[in-house]
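A short write-up of the structure that comes next.
We name chains A, B, ... by the order of the sequence lines, and we start the count at 1 in each one. These numbers come from the heavy atoms of this one structure, side chains and all, not from hydrogens, waters or symmetry mates.
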There are 2 protein chains.
Amino acid sequence: MKPNHSWQSIQAEIIRRISERIWVPGELVPKETDLAKEFAVSRGTINRAMRELANAGLIDRKRKAGTRVALNPVRKATLDIPVIRLDVENRGVSHKHMVLMQKIVPAPALITGKLGLATGTRMLHLRTLHFAGNQPFLYEKRWVNQTAVPDILDVDFSQISANEWLVQNAPLTTGDISFSATNASKDEAETLGAKIGEALFLIDRSTWIGTMAVTNARLAYAPGFQMHTSL
Amino acid sequence: MKPNHSWQSIQAEIIRRISERIWVPGELVPKETDLAKEFAVSRGTINRAMRELANAGLIDRKRKAGTRVALNPVRKATLDIPVIRLDVENRGVSHKHMVLMQKIVPAPALITGKLGLATGTRMLHLRTLHFAGNQPFLYEKRWVNQTAVPDILDVDFSQISANEWLVQNAPLTTGDISFSATNASKDEAETLGAKIGEALFLIDRSTWIGTMAVTNARLAYAPGFQMHTSL
DNA sequence: AAGTGGTCTAGACCACACC
DNA sequence: GTGTGGTCTAGACCACTTC
(Lines give C-alpha, C1' and ligand atoms only; values in the text may rest on other atoms or scores of the structure.)
Protein backbone atom coordinates (compact mmCIF):
# COMPACT_ATOMS: atom_id res chain seq x y z
CA MET A 1 0.00 0.00 0.00
CA LYS A 2 1.23 3.45 -0.82
CA PRO A 3 1.62 5.74 2.21
CA ASN A 4 -0.59 8.78 2.42
CA HIS A 5 1.59 10.32 5.07
CA SER A 6 5.32 10.47 5.60
CA TRP A 7 6.64 10.28 9.16
CA GLN A 8 7.64 13.91 8.82
CA SER A 9 4.18 15.08 7.88
CA ILE A 10 2.77 13.11 10.80
CA GLN A 11 5.36 14.63 13.09
CA ALA A 12 4.41 18.08 11.85
CA GLU A 13 0.74 17.35 12.51
CA ILE A 14 1.52 16.17 16.03
CA ILE A 15 3.52 19.31 16.65
CA ARG A 16 0.61 21.36 15.36
CA ARG A 17 -1.78 19.64 17.74
CA ILE A 18 0.50 20.37 20.65
CA SER A 19 1.27 23.94 19.71
CA GLU A 20 -2.38 24.74 19.08
CA ARG A 21 -3.28 23.08 22.37
CA ILE A 22 -5.53 20.51 20.78
CA TRP A 23 -3.45 18.19 22.92
CA VAL A 24 -2.89 19.93 26.25
CA PRO A 25 0.27 19.57 28.38
CA GLY A 26 -0.08 16.63 30.75
CA GLU A 27 -2.79 15.02 28.67
CA LEU A 28 -2.63 11.46 27.44
CA VAL A 29 -2.47 11.29 23.67
CA PRO A 30 -3.83 8.39 21.60
CA LYS A 31 -1.71 5.27 21.54
CA GLU A 32 0.36 4.30 18.55
CA THR A 33 -2.07 1.77 17.15
CA ASP A 34 -4.90 4.31 17.22
CA LEU A 35 -2.83 6.98 15.53
CA ALA A 36 -1.73 4.42 12.97
CA LYS A 37 -5.38 3.83 12.13
CA GLU A 38 -6.17 7.53 12.02
CA PHE A 39 -3.36 8.35 9.61
CA ALA A 40 -3.71 5.07 7.75
CA VAL A 41 -0.06 4.19 8.18
CA SER A 42 1.71 1.39 9.98
CA ARG A 43 2.64 1.65 13.63
CA GLY A 44 6.33 1.89 12.75
CA THR A 45 5.74 5.19 11.02
CA ILE A 46 3.92 6.61 14.01
CA ASN A 47 6.70 5.39 16.25
CA ARG A 48 9.30 7.09 14.10
CA ALA A 49 7.43 10.39 14.26
CA MET A 50 6.90 10.25 18.02
CA ARG A 51 10.32 8.91 18.98
CA GLU A 52 12.09 12.06 17.87
CA LEU A 53 9.61 14.25 19.69
CA ALA A 54 10.27 12.26 22.85
CA ASN A 55 14.01 12.69 22.41
CA ALA A 56 13.45 16.39 21.96
CA GLY A 57 11.62 16.51 25.28
CA LEU A 58 8.31 17.55 23.78
CA ILE A 59 6.43 14.47 24.92
CA ASP A 60 7.00 11.88 27.63
CA ARG A 61 6.53 8.25 26.73
CA LYS A 62 6.33 5.31 29.08
CA ARG A 63 5.42 1.74 28.38
CA LYS A 64 2.01 0.85 29.64
CA ALA A 65 1.44 4.41 30.87
CA GLY A 66 1.23 5.81 27.36
CA THR A 67 2.34 9.12 25.87
CA ARG A 68 1.71 12.51 27.41
CA VAL A 69 2.45 16.04 26.26
CA ALA A 70 5.36 17.29 28.35
CA LEU A 71 4.41 19.71 31.12
CA ASN A 72 7.65 21.60 30.95
CA PRO A 73 8.95 21.39 27.45
CA VAL A 74 12.70 21.76 27.63
CA ARG A 75 13.99 23.56 24.63
CA LYS A 76 17.18 22.09 23.26
CA ALA A 77 19.67 24.19 21.41
CA THR A 78 22.31 22.37 19.45
CA LEU A 79 25.69 24.00 19.20
CA ASP A 80 28.12 22.89 16.54
CA ILE A 81 31.66 22.84 17.83
CA PRO A 82 33.82 22.79 14.73
CA VAL A 83 37.58 22.90 14.48
CA ILE A 84 38.69 26.44 15.21
CA ARG A 85 40.21 26.86 11.76
CA LEU A 86 36.91 26.00 10.07
CA ASP A 87 34.98 28.17 12.49
CA VAL A 88 37.10 31.13 11.42
CA GLU A 89 37.04 30.28 7.72
CA ASN A 90 33.27 29.93 7.79
CA ARG A 91 33.17 33.56 8.82
CA GLY A 92 34.75 34.36 5.49
CA VAL A 93 38.22 35.25 6.71
CA SER A 94 41.50 33.39 6.67
CA HIS A 95 42.82 31.59 9.72
CA LYS A 96 46.31 31.46 11.07
CA HIS A 97 47.69 30.58 14.44
CA MET A 98 50.79 31.27 16.47
CA VAL A 99 52.23 29.13 19.24
CA LEU A 100 53.11 31.40 22.15
CA MET A 101 54.30 28.75 24.56
CA GLN A 102 55.06 25.05 24.45
CA LYS A 103 56.50 23.15 27.37
CA ILE A 104 56.14 20.01 29.44
CA VAL A 105 55.63 20.78 33.10
CA PRO A 106 53.71 19.50 36.10
CA ALA A 107 50.12 20.60 35.60
CA PRO A 108 48.45 22.83 38.16
CA ALA A 109 46.01 21.18 40.53
CA LEU A 110 43.12 23.00 38.85
CA ILE A 111 43.79 21.10 35.65
CA THR A 112 44.60 17.68 37.07
CA GLY A 113 41.51 18.00 39.23
CA LYS A 114 39.24 18.65 36.25
CA LEU A 115 40.73 15.72 34.37
CA GLY A 116 40.94 13.34 37.29
CA LEU A 117 44.72 12.94 37.05
CA ALA A 118 47.21 12.72 39.91
CA THR A 119 48.34 16.09 41.16
CA GLY A 120 51.69 17.05 39.73
CA THR A 121 51.32 14.97 36.57
CA ARG A 122 53.64 16.28 33.89
CA MET A 123 51.64 17.43 30.89
CA LEU A 124 52.19 19.21 27.61
CA HIS A 125 51.15 22.84 27.95
CA LEU A 126 50.42 24.97 24.90
CA ARG A 127 49.33 28.53 24.50
CA THR A 128 48.12 29.35 21.02
CA LEU A 129 46.73 32.54 19.56
CA HIS A 130 44.31 32.11 16.67
CA PHE A 131 43.72 34.90 14.16
CA ALA A 132 40.72 35.70 12.02
CA GLY A 133 42.34 37.61 9.19
CA ASN A 134 44.74 39.92 11.01
CA GLN A 135 42.61 40.20 14.13
CA PRO A 136 43.27 38.12 17.23
CA PHE A 137 40.29 35.80 17.53
CA LEU A 138 40.88 33.29 20.25
CA TYR A 139 43.48 32.67 22.93
CA GLU A 140 43.78 28.96 23.68
CA LYS A 141 45.46 27.58 26.78
CA ARG A 142 45.66 23.83 26.54
CA TRP A 143 46.97 20.98 28.67
CA VAL A 144 47.46 17.60 27.03
CA ASN A 145 47.93 14.24 28.74
CA GLN A 146 51.00 12.81 26.98
CA THR A 147 50.13 9.33 28.14
CA ALA A 148 46.82 9.35 26.27
CA VAL A 149 48.22 10.64 22.98
CA PRO A 150 52.02 10.07 22.99
CA ASP A 151 52.27 10.85 19.27
CA ILE A 152 51.51 14.47 20.02
CA LEU A 153 55.06 14.99 21.26
CA ASP A 154 56.34 14.71 17.68
CA VAL A 155 53.90 17.21 16.20
CA ASP A 156 55.08 20.50 14.73
CA PHE A 157 52.43 22.89 16.01
CA SER A 158 53.49 25.64 13.66
CA GLN A 159 52.03 23.48 10.89
CA ILE A 160 48.85 22.23 12.52
CA SER A 161 47.19 23.56 15.62
CA ALA A 162 46.85 21.29 18.63
CA ASN A 163 43.09 21.66 18.33
CA GLU A 164 43.04 20.34 14.80
CA TRP A 165 45.58 17.58 15.43
CA LEU A 166 43.57 16.27 18.34
CA VAL A 167 40.30 16.30 16.41
CA GLN A 168 41.92 14.26 13.66
CA ASN A 169 43.94 11.92 15.84
CA ALA A 170 41.80 11.50 18.90
CA PRO A 171 38.32 11.61 17.45
CA LEU A 172 35.17 10.61 19.25
CA THR A 173 36.15 11.71 22.67
CA THR A 174 33.56 12.34 25.31
CA GLY A 175 33.74 15.52 27.26
CA ASP A 176 32.39 18.37 29.31
CA ILE A 177 31.98 21.91 28.12
CA SER A 178 31.20 24.97 30.11
CA PHE A 179 30.49 28.46 28.85
CA SER A 180 31.00 31.56 30.94
CA ALA A 181 32.17 35.16 30.93
CA THR A 182 35.33 36.56 32.44
CA ASN A 183 37.11 39.87 32.74
CA ALA A 184 40.30 39.96 30.66
CA SER A 185 43.49 39.55 32.67
CA LYS A 186 46.54 41.57 31.75
CA ASP A 187 47.97 38.61 29.82
CA GLU A 188 44.72 37.98 28.00
CA ALA A 189 44.16 41.64 27.21
CA GLU A 190 47.63 42.07 25.75
CA THR A 191 47.42 38.86 23.76
CA LEU A 192 43.97 39.50 22.34
CA GLY A 193 44.40 43.23 21.83
CA ALA A 194 41.67 43.97 24.36
CA LYS A 195 41.50 46.24 27.38
CA ILE A 196 42.18 44.86 30.83
CA GLY A 197 38.87 43.93 32.41
CA GLU A 198 36.97 43.77 29.14
CA ALA A 199 34.37 40.98 29.10
CA LEU A 200 35.52 37.85 27.28
CA PHE A 201 33.46 34.84 26.26
CA LEU A 202 35.02 31.73 27.69
CA ILE A 203 34.77 28.06 26.82
CA ASP A 204 36.32 25.46 29.09
CA ARG A 205 36.41 21.98 27.63
CA SER A 206 37.75 18.71 29.00
CA THR A 207 37.80 15.55 26.92
CA TRP A 208 38.37 11.90 27.53
CA ILE A 209 38.76 8.75 25.46
CA GLY A 210 36.75 6.30 27.49
CA THR A 211 38.08 6.94 30.98
CA MET A 212 41.48 8.25 29.86
CA ALA A 213 41.81 12.01 30.16
CA VAL A 214 43.10 13.58 26.96
CA THR A 215 43.07 17.33 27.21
CA ASN A 216 41.68 20.45 28.82
CA ALA A 217 41.37 23.63 26.80
CA ARG A 218 40.47 27.11 27.97
CA LEU A 219 39.34 29.21 25.04
CA ALA A 220 39.12 32.96 25.58
CA TYR A 221 37.47 34.72 22.64
CA ALA A 222 38.23 38.27 21.61
CA PRO A 223 35.70 40.91 22.74
CA GLY A 224 32.52 41.02 20.71
CA PHE A 225 32.44 37.31 19.97
CA GLN A 226 29.01 35.73 19.85
CA MET A 227 28.12 32.10 19.67
CA HIS A 228 24.93 31.73 17.72
CA THR A 229 22.43 28.99 17.06
CA SER A 230 18.77 28.46 16.36
CA LEU A 231 16.09 26.52 18.18
CA MET B 1 14.50 -14.92 14.20
CA LYS B 2 15.88 -13.56 17.43
CA PRO B 3 18.32 -10.67 16.97
CA ASN B 4 21.91 -11.20 18.00
CA HIS B 5 22.57 -7.47 17.94
CA SER B 6 20.55 -4.47 18.97
CA TRP B 7 20.86 -1.32 16.92
CA GLN B 8 22.67 0.24 19.85
CA SER B 9 25.32 -2.44 20.01
CA ILE B 10 25.83 -2.13 16.28
CA GLN B 11 26.11 1.61 16.61
CA ALA B 12 28.70 1.16 19.35
CA GLU B 13 30.67 -1.20 17.14
CA ILE B 14 30.61 1.29 14.26
CA ILE B 15 31.80 4.01 16.59
CA ARG B 16 34.59 1.72 17.76
CA ARG B 17 35.69 1.09 14.20
CA ILE B 18 35.82 4.79 13.49
CA SER B 19 37.53 5.77 16.71
CA GLU B 20 40.14 3.04 16.36
CA ARG B 21 40.65 4.07 12.76
CA ILE B 22 39.67 0.70 11.38
CA TRP B 23 37.50 2.86 9.17
CA VAL B 24 39.56 5.92 8.22
CA PRO B 25 38.11 9.41 7.66
CA GLY B 26 37.09 9.84 4.02
CA GLU B 27 36.90 6.11 3.44
CA LEU B 28 33.85 4.37 2.03
CA VAL B 29 32.30 2.00 4.52
CA PRO B 30 30.37 -1.16 3.59
CA LYS B 31 26.86 -0.63 2.34
CA GLU B 32 23.85 -1.40 4.46
CA THR B 33 23.07 -4.76 2.91
CA ASP B 34 26.63 -5.96 3.52
CA LEU B 35 26.63 -4.81 7.12
CA ALA B 36 23.25 -6.45 7.58
CA LYS B 37 24.79 -9.74 6.48
CA GLU B 38 27.85 -9.27 8.67
CA PHE B 39 25.84 -8.60 11.83
CA ALA B 40 23.09 -11.01 10.83
CA VAL B 41 20.36 -8.43 11.25
CA SER B 42 17.93 -6.85 8.84
CA ARG B 43 18.82 -3.75 6.89
CA GLY B 44 16.41 -1.68 8.94
CA THR B 45 18.48 -2.22 12.03
CA ILE B 46 21.68 -1.15 10.28
CA ASN B 47 19.87 1.90 8.96
CA ARG B 48 18.72 2.84 12.44
CA ALA B 49 22.25 2.59 13.80
CA MET B 50 23.81 4.60 10.99
CA ARG B 51 21.09 7.25 10.68
CA GLU B 52 21.82 8.68 14.09
CA LEU B 53 25.53 8.77 13.42
CA ALA B 54 24.85 10.68 10.22
CA ASN B 55 22.67 13.17 12.11
CA ALA B 56 25.47 13.56 14.62
CA GLY B 57 27.86 14.46 11.81
CA LEU B 58 30.12 11.47 12.30
CA ILE B 59 29.50 9.98 8.89
CA ASP B 60 28.28 11.39 5.59
CA ARG B 61 25.70 9.41 3.68
CA LYS B 62 24.54 9.93 0.12
CA ARG B 63 22.32 7.82 -2.02
CA LYS B 64 24.24 5.97 -4.65
CA ALA B 65 27.56 7.41 -3.40
CA GLY B 66 27.44 5.38 -0.21
CA THR B 67 28.56 6.16 3.33
CA ARG B 68 31.89 7.72 4.28
CA VAL B 69 33.53 8.53 7.60
CA ALA B 70 33.33 12.31 8.00
CA LEU B 71 36.58 14.17 7.36
CA ASN B 72 35.86 16.92 9.81
CA PRO B 73 33.74 15.50 12.54
CA VAL B 74 31.74 18.40 13.94
CA ARG B 75 31.14 17.92 17.60
CA LYS B 76 27.63 18.83 18.61
CA ALA B 77 26.85 19.99 22.09
CA THR B 78 23.23 20.01 23.13
CA LEU B 79 22.19 22.70 25.55
CA ASP B 80 19.00 22.29 27.49
CA ILE B 81 17.17 25.57 27.84
CA PRO B 82 14.70 24.97 30.64
CA VAL B 83 12.30 27.40 32.20
CA ILE B 84 14.30 29.73 34.43
CA ARG B 85 12.47 28.61 37.56
CA LEU B 86 13.39 24.96 36.96
CA ASP B 87 16.94 25.89 36.05
CA VAL B 88 17.28 27.51 39.46
CA GLU B 89 15.49 24.76 41.34
CA ASN B 90 17.67 22.12 39.70
CA ARG B 91 20.60 23.82 41.35
CA GLY B 92 19.02 22.95 44.65
CA VAL B 93 17.84 26.40 45.67
CA SER B 94 14.45 28.05 45.65
CA HIS B 95 13.40 30.44 42.94
CA LYS B 96 11.53 33.68 43.20
CA HIS B 97 11.22 36.61 40.86
CA MET B 98 10.42 40.28 41.06
CA VAL B 99 8.96 42.46 38.32
CA LEU B 100 10.98 45.67 38.16
CA MET B 101 9.21 47.29 35.25
CA GLN B 102 6.11 46.61 33.18
CA LYS B 103 4.89 48.98 30.51
CA ILE B 104 3.62 49.15 26.96
CA VAL B 105 5.72 51.45 24.84
CA PRO B 106 7.07 51.74 21.32
CA ALA B 107 9.95 49.29 21.09
CA PRO B 108 13.43 50.51 20.22
CA ALA B 109 14.64 49.90 16.69
CA LEU B 110 17.18 47.37 17.96
CA ILE B 111 14.34 45.13 19.09
CA THR B 112 11.94 45.60 16.22
CA GLY B 113 14.85 45.01 13.89
CA LYS B 114 15.73 41.68 15.47
CA LEU B 115 12.11 40.56 15.36
CA GLY B 116 11.31 41.93 11.92
CA LEU B 117 8.56 44.23 13.16
CA ALA B 118 7.77 47.76 12.01
CA THR B 119 9.83 50.38 13.79
CA GLY B 120 7.89 52.02 16.57
CA THR B 121 5.60 49.03 17.17
CA ARG B 122 4.12 49.24 20.65
CA MET B 123 5.18 46.24 22.70
CA LEU B 124 4.95 45.00 26.25
CA HIS B 125 8.25 45.60 28.02
CA LEU B 126 9.15 43.71 31.18
CA ARG B 127 12.18 43.79 33.39
CA THR B 128 12.34 40.89 35.81
CA LEU B 129 14.92 39.94 38.38
CA HIS B 130 15.17 36.23 39.17
CA PHE B 131 16.61 35.02 42.45
CA ALA B 132 18.35 31.78 43.34
CA GLY B 133 17.69 31.59 47.06
CA ASN B 134 18.39 35.14 48.19
CA GLN B 135 21.01 35.81 45.55
CA PRO B 136 20.21 37.69 42.35
CA PHE B 137 20.56 35.15 39.56
CA LEU B 138 19.38 36.61 36.31
CA TYR B 139 18.24 39.97 35.04
CA GLU B 140 15.72 39.57 32.24
CA LYS B 141 14.75 42.35 29.85
CA ARG B 142 11.95 41.20 27.63
CA TRP B 143 9.86 42.63 24.80
CA VAL B 144 6.63 40.87 23.89
CA ASN B 145 4.60 41.30 20.72
CA GLN B 146 1.06 41.81 22.05
CA THR B 147 -0.41 40.93 18.69
CA ALA B 148 1.06 37.44 18.77
CA VAL B 149 -0.08 36.61 22.30
CA PRO B 150 -2.86 39.03 23.30
CA ASP B 151 -3.74 36.98 26.38
CA ILE B 152 -0.49 38.05 27.98
CA LEU B 153 -1.98 41.46 28.76
CA ASP B 154 -4.19 39.88 31.43
CA VAL B 155 -1.41 37.99 33.17
CA ASP B 156 -0.38 38.83 36.73
CA PHE B 157 3.39 38.59 36.49
CA SER B 158 3.84 38.59 40.23
CA GLN B 159 2.32 35.10 40.15
CA ILE B 160 4.03 33.63 37.12
CA SER B 161 7.07 34.96 35.31
CA ALA B 162 6.73 36.02 31.71
CA ASN B 163 9.27 33.37 30.82
CA GLU B 164 7.19 30.60 32.27
CA TRP B 165 3.88 31.93 30.97
CA LEU B 166 5.23 32.08 27.45
CA VAL B 167 6.67 28.57 27.59
CA GLN B 168 3.30 27.24 28.67
CA ASN B 169 1.12 29.35 26.42
CA ALA B 170 3.24 29.82 23.34
CA PRO B 171 5.09 26.54 23.16
CA LEU B 172 6.98 25.24 20.20
CA THR B 173 8.27 28.49 18.93
CA THR B 174 11.24 28.63 16.63
CA GLY B 175 13.98 31.04 17.43
CA ASP B 176 17.52 32.30 17.49
CA ILE B 177 19.81 32.29 20.46
CA SER B 178 23.14 33.97 20.86
CA PHE B 179 25.55 33.67 23.74
CA SER B 180 28.11 36.33 24.55
CA ALA B 181 29.88 38.21 27.32
CA THR B 182 29.36 41.82 28.35
CA ASN B 183 30.61 44.24 30.95
CA ALA B 184 27.93 45.08 33.51
CA SER B 185 26.33 48.48 33.01
CA LYS B 186 25.48 50.60 36.02
CA ASP B 187 21.87 49.43 35.91
CA GLU B 188 22.85 45.77 35.55
CA ALA B 189 25.47 45.97 38.28
CA GLU B 190 23.09 47.54 40.76
CA THR B 191 20.32 45.11 39.94
CA LEU B 192 22.45 41.98 40.08
CA GLY B 193 24.59 43.06 43.01
CA ALA B 194 27.70 43.09 40.84
CA LYS B 195 30.41 45.65 40.22
CA ILE B 196 30.19 47.97 37.26
CA GLY B 197 32.21 46.45 34.43
CA GLU B 198 32.15 42.96 35.84
CA ALA B 199 31.86 40.28 33.15
CA LEU B 200 28.33 38.93 32.70
CA PHE B 201 27.21 35.94 30.68
CA LEU B 202 24.56 37.03 28.25
CA ILE B 203 21.88 35.19 26.33
CA ASP B 204 19.87 36.97 23.66
CA ARG B 205 16.90 35.02 22.39
CA SER B 206 14.25 35.88 19.82
CA THR B 207 11.32 33.58 19.15
CA TRP B 208 8.61 33.26 16.55
CA ILE B 209 5.49 31.21 16.03
CA GLY B 210 5.74 30.46 12.36
CA THR B 211 6.53 33.88 10.92
CA MET B 212 4.91 35.85 13.75
CA ALA B 213 7.42 37.40 16.13
CA VAL B 214 6.59 36.63 19.75
CA THR B 215 9.31 37.92 22.01
CA ASN B 216 12.89 38.97 22.47
CA ALA B 217 14.62 38.38 25.80
CA ARG B 218 17.99 39.60 26.96
CA LEU B 219 19.15 37.51 29.90
CA ALA B 220 22.09 38.83 31.91
CA TYR B 221 23.34 36.29 34.44
CA ALA B 222 24.99 37.19 37.72
CA PRO B 223 28.81 36.98 37.81
CA GLY B 224 30.17 33.47 38.11
CA PHE B 225 27.39 31.84 36.14
CA GLN B 226 28.40 28.89 34.00
CA MET B 227 26.36 27.09 31.43
CA HIS B 228 27.42 23.49 31.35
CA THR B 229 26.87 20.51 29.10
CA SER B 230 28.58 17.34 27.93
CA LEU B 231 29.56 16.08 24.54
C1' DA C 1 -1.99 -10.07 34.49
C1' DA C 2 -2.40 -6.91 30.94
C1' DG C 3 -1.46 -2.82 28.18
C1' DT C 4 1.75 0.16 26.02
C1' DG C 5 5.89 1.52 23.78
C1' DG C 6 10.63 -0.43 21.95
C1' DT C 7 12.58 -3.06 18.70
C1' DC C 8 13.33 -6.27 14.98
C1' DT C 9 12.17 -8.68 10.47
C1' DA C 10 11.73 -9.52 5.46
C1' DG C 11 10.28 -7.46 1.88
C1' DA C 12 9.11 -3.62 -1.10
C1' DC C 13 9.16 0.69 -3.58
C1' DC C 14 11.04 5.16 -4.15
C1' DA C 15 14.42 9.23 -4.59
C1' DC C 16 18.53 10.73 -5.59
C1' DA C 17 23.14 10.86 -7.47
C1' DC C 18 26.37 9.10 -10.41
C1' DC C 19 27.08 7.09 -14.80
C1' DG D 1 20.37 3.13 -16.46
C1' DT D 2 22.00 1.62 -12.03
C1' DG D 3 23.23 1.45 -7.27
C1' DT D 4 22.72 3.28 -2.84
C1' DG D 5 20.31 5.06 1.07
C1' DG D 6 15.36 6.69 2.71
C1' DT D 7 11.17 5.15 3.91
C1' DC D 8 7.12 2.33 4.62
C1' DT D 9 4.56 -2.13 5.69
C1' DA D 10 2.47 -5.92 8.35
C1' DG D 11 3.55 -8.68 11.60
C1' DA D 12 5.91 -10.32 15.65
C1' DC D 13 8.06 -10.62 20.14
C1' DC D 14 9.83 -8.32 24.08
C1' DA D 15 10.47 -4.99 28.18
C1' DC D 16 8.69 -2.22 31.24
C1' DT D 17 5.08 -0.38 34.07
C1' DT D 18 1.05 -0.21 36.14
C1' DC D 19 -2.74 -2.77 37.98
Item to check | Listed nucleotide nearest any side-chain atom of Val41(A), set dT7(D), dG5(C), dT9(D) | outcome: dT9(D)
Item to check | Earlier contact from the 5' end, DNA chain C, for Ala65(A) and Arg51(A) | outcome: Ala65(A)
Checklist outcome for this item: note: Lys37(B), atom NZ; dT4(D), atom C1'; distance rounded to Å ~ 14 Å
Checklist entry - Just how far, in rounded Å, is P of dT17(D) from NZ of Lys31(A)? => result 19 Å
Item to check | Under-4.0 Å side-chain N/O to phosphate OP1/OP2 contact, Arg61(B) with dG6(D) | outcome: yes
Checklist entry - Whole-Å distance between dG6(D) P and Glu52(B) CD? => result 13 Å
Item to check | Interatomic distance where CD belongs to Glu32(A) and P belongs to dC8(C) [whole Å] | outcome: 15 Å
Checklist entry - Just by distance, with hydrogens left out, do Thr128(A) and Arg142(A) show a side-chain donor and acceptor under 3.5 Å apart? => result no
Next on the checklist: Contact between His130(B) and Asp87(B) at the side-chain level, heavy atoms closer than 4.5 Å - yes or no?
Outcome noted: no
Checklist entry - Once you round it to whole Å, what is the distance between P of dT17(D) and CG of Asp60(A)? => result 14 Å
Checklist entry - For Gly66(B), which contact category applies under a 4.0 Å heavy-atom criterion: base, sugar-phosphate, or nothing? => result sugar-phosphate
Next on the checklist: So Arg43(B), base contact, sugar-phosphate only, or nothing? Heavy-atom distance under 4.0 Å.
Outcome noted: base
Checklist entry - When we call it a touch if two heavy atoms are under 4.0 Å apart, what does Thr33(B) touch: a base, just sugar-phosphate, or nothing? => result nothing
Item to check | Thr67(B) vs Trp7(A), nearer the 5' end of DNA chain D by closest nucleotide | outcome: Thr67(B)
Checklist outcome for this item: To the nearest angstrom, the CG-C1' distance between Asn55(B) and dG6(D) comes to 12 Å
Checklist outcome for this item: From NZ of Lys62(A) across to C1' of dT4(C) the rounded distance in Å is 12 Å
Item to check | Lys/Arg N to Asp/Glu carboxylate O, Glu52(B) vs Arg51(A), below 4.0 Å | outcome: no
